[in-house]
2 protein chains.
Amino acid sequence: MADRAQRAERRTDALSRERIVEAAIEILDAEGESALTFRTLAARLQTGSGAIYWHVANKDDLLATTTRDVLARAMTEGARGAEPREAVRAIALGVFDVIDAHPWVGTQLSREPWQPAVMQILEHVGAQLEALGVPEREQFNCASALVNYILGLSGQYAAGARLLPRESDRSAFLATMAERWEQLAPAEYPFVRRVAAQLREHDDREQFLAGIDLILAGIAASR
Amino acid sequence: MADRAQRAERRTDALSRERIVEAAIEILDAEGESALTFRTLAARLQTGSGAIYWHVANKDDLLATTTRDVLARAMTEGARGAEPREAVRAIALGVFDVIDAHPWVGTQLSREPWQPAVMQILEHVGAQLEALGVPEREQFNCASALVNYILGLSGQYAAGARLLPRESDRSAFLATMAERWEQLAPAEYPFVRRVAAQLREHDDREQFLAGIDLILAGIAASR
DNA sequence: ACCTGAACACCGTTCAAGT
DNA sequence: ACCTGAACACCGTTCAAGT
């Protein structure tokens with residue numbers, strides 16, 4: 001009996017890849033990318049920093065796994081059943097919402113090429129193209145365009161969140177940016193100055209979706 | 001006379017923002033992103049690492065400047081005169097070629113939001129939209145779609161180059177990737193497995209351009 | 001005003017030593 | 001087999017001291 005209780009307790013306490021990844025996600029969400037170190041992680045798991053290396057290869061491995069895990073949840077939810085155009089929009093919005101909730105995912109997605117998380121997005125987007133009537137030999141280009149657009153926005157959005165003071169909101173950030181745009185040299189930046197007002201009022205999510213729709217329209221047009 | 005000669009010599013030796021940025025670009029090009037530290041930079045400039053801080057604010061400042069400088073050369077070249085669709089393609093290809101030649105630029109572009117280098121791309125792309133007949137209130141969305149797509153590909157391409165052994169070429173890298181795609185679980189990755197063969201043969205530059213054309217077609221279609 | 005370079009406060013990663 | 005934690009080889013950045 002004492003034996004069993006002890007074993008059960010041991011098991012709860014035991015380090016594992018899953019527990020490490022879970023703790024890493026918690027730190028990333030609560031305190032941001034810069035707060036995740038092997039020392040803080042070891043402290044939270046009440047172990048030595050070297051112990052972590054028994055379960056994960058290195059920091060890149062750890063970050064790729066956290067990213068894939070968080071993204072996988074969003075990927076399985078949306079995009080079931082729906083009409084293909086709607087499915088693509090749902091996948092894209094799923095990714096957007098994950099990055100809105102966990103900006104560090106956006107950073108991570110553009111750090112390693114063709115990492116598992118990116119493959120998931122590529123697969124789910126690509127799976128819709130057949131139903132959209134895209135010829136086989138153009139499917140790769142179309143999927144690549146959609147994925148690269150999604151990754152590009154992810155990166156910029158995450159970068160914005162990274163330099164956002166924790167309390168301040170996105171609209172204040174956009175207002176500051178818009179002001180900076182308006183102060184650019186008129187001769188060099190006529191276009192940027194013209195759209196500065198739109199930056200202030202714009203909704204990131206809507207603009208993101210507008211880009212997806214543009215690519216979908218392009219796919220439909222060049223079919 | 002002696003005085004003048006000395007002054008001239010001093011000037012050549014003197015540290016300056018320009019010389020620092022120039023040396024940083026040389027290191028980045030020759031040895032990659034990980035080789036650029038304030039210590040290697042100071043050694044190459046034959047000075048102390050602290051001296052660099054007199055001329056640049058910090059490493060982010062330095063990297064943002066190197067990125068803007070390298071990109072600015074490409075930006076001013078292409079895209080003059082031409083028909084607006086061609087101009088957009090020329091701008092995009094200009095960015096692609098810069099990143100092909102200096103992969104670290106791709107990494108850098110997605111690290112800070114709306115940095116000078118990104119503003120340059122946005123301005124040049126946006127300036128073509130009026131001529132393309134895009135209504136004012138949609139110009140921001142269209143420019144954003146094009147820029148985010150360009151940045152997304154930049155990031156992936158640079159990430160690929162980062163883990164490429166220095167001697168090996170891109171096609172070997174693609175072959176390895178294609179093999180890995182073919183070994184993914186059939187049930188989970190049917191689409192990716194189907195396009196794996198295309199990955200092996202595909203041309204990055206052409207695929208990049210195909211994406212630009214897709215967005216341009218979408219812009220034309222939803223006009 | 002500009003430069004030097006040691007010092008500070010960190011990192012990721014390794015590894016001998018423990019259990 | 002798994003964990004500990006000191007040690008190693010780095011970083012970016014600061015700053016007293018020099019010229």
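Chain A is the first sequence line, chain B the second, and so forth, proteins listed ahead of strands; every chain is numbered from 1.
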*Asks:* Please tell me if A/W54 has a side-chain N or O lying less than 4.0 Å from either OP1 or OP2 of D/dC3.
*Replies:* no
*Asks:* How many whole angstroms separate atom OH of B/Y53 from atom P of D/dG12?
*Replies:* 7 Å
*Asks:* Determine, stepwise, if the pair B/Y157 / B/F96 fulfils ring-ring contact (aromatic ring centres under 6.0 Å, His included).
*Replies:* CA-CA 9 Å; B/Y157 198 77; B/F96 182 90; 5.1 Å; yes
*Asks:* Could B/R194 and A/E123 be called an ion pair, given the rule that one side-chain N must be under 4.0 Å from one carboxylate O?
*Replies:* no
*Asks:* Using whole Å, report how far CD1 of A/I52 lies from C1' of C/dG12.
*Replies:* 11 Å
*Asks:* Starting at the 5' end of DNA chain D, what dot-bracket string do you get if Watson-Crick and G-U pairs under 3.5 Å are bracketed, crossing pairs use [ ], other-strand pairs use | and unpaired bases use dots?
*Replies:* ||.|||||...|||||.||
*Asks:* Consider only side-chain N and O atoms of A/Q156 and B/S110, and report whether a donor and an acceptor are under 3.5 Å apart.
*Replies:* no
*Asks:* What are the two closest heavy atoms between A/L93 and A/L209, and how far apart are they?
*Replies:* CG-CD1, 3.8 Å
*Asks:* Could you label the plane-to-plane angle of the A/W114 and B/W181 rings as parallel, tilted or perpendicular, counting under 30° as parallel and over 60° as perpendicular?
*Replies:* perpendicular
*Asks:* Set out, line by line, the N/O atom pairs under 3.5 Å between protein and nucleotides 7-11 of chain D.
*Replies:*
residue, atom, partner, partner atom, Å
D/dC11, N4, B/R39, NH2, 3.3

*Asks:* Return the value, rounded to whole Å, for the distance between atom CG of A/L45 and atom C1' of D/dG5.
*Replies:* 15 Å
*Asks:* Find out whether B/L71 and B/V118 are in side-chain contact, i.e. whether some heavy atom of one side chain is under 4.5 Å from a heavy atom of the other.
*Replies:* no
*Asks:* Considering only heavy atoms from C-beta outward, does the side chain of A/Y149 approach that of A/L214 to under 4.5 Å?
*Replies:* no
*Asks:* For the pair made of CG in B/L41 and P in C/dG5, what is the distance, rounded to whole Å?
*Replies:* 15 Å
*Asks:* Please give, in whole Å, the distance from D/dC2 C1' to A/R17 CZ?
*Replies:* 16 Å
*Asks:* To the nearest Å, give me how far apart CG (A/L62) and P (C/dT13) are.
*Replies:* 10 Å
*Asks:* Quick test of your reading of the model: are A/E26 and A/R44 salt-bridged, counting only N-O distances below 4.0 Å?
*Replies:* yes
*Asks:* Run the salt-bridge test on B/R205 and B/D100 with the 4.0 Å N-O cut-off and return the result as yes or no.
*Replies:* no
*Asks:* Charged N to carboxylate O under 4.0 angstrom, B/R17 versus B/D61?
*Replies:* yes
*Asks:* Polar atoms only, N or O, under 3.5 Å: list the protein pairs with nucleotides 16-19 of chain C and their distances.
*Replies:*
none

*Asks:* Just so I know, are the side chains of A/D204 and A/H202 near enough to count as touching, which here means a heavy-atom distance under 4.5 Å?
*Replies:* yes
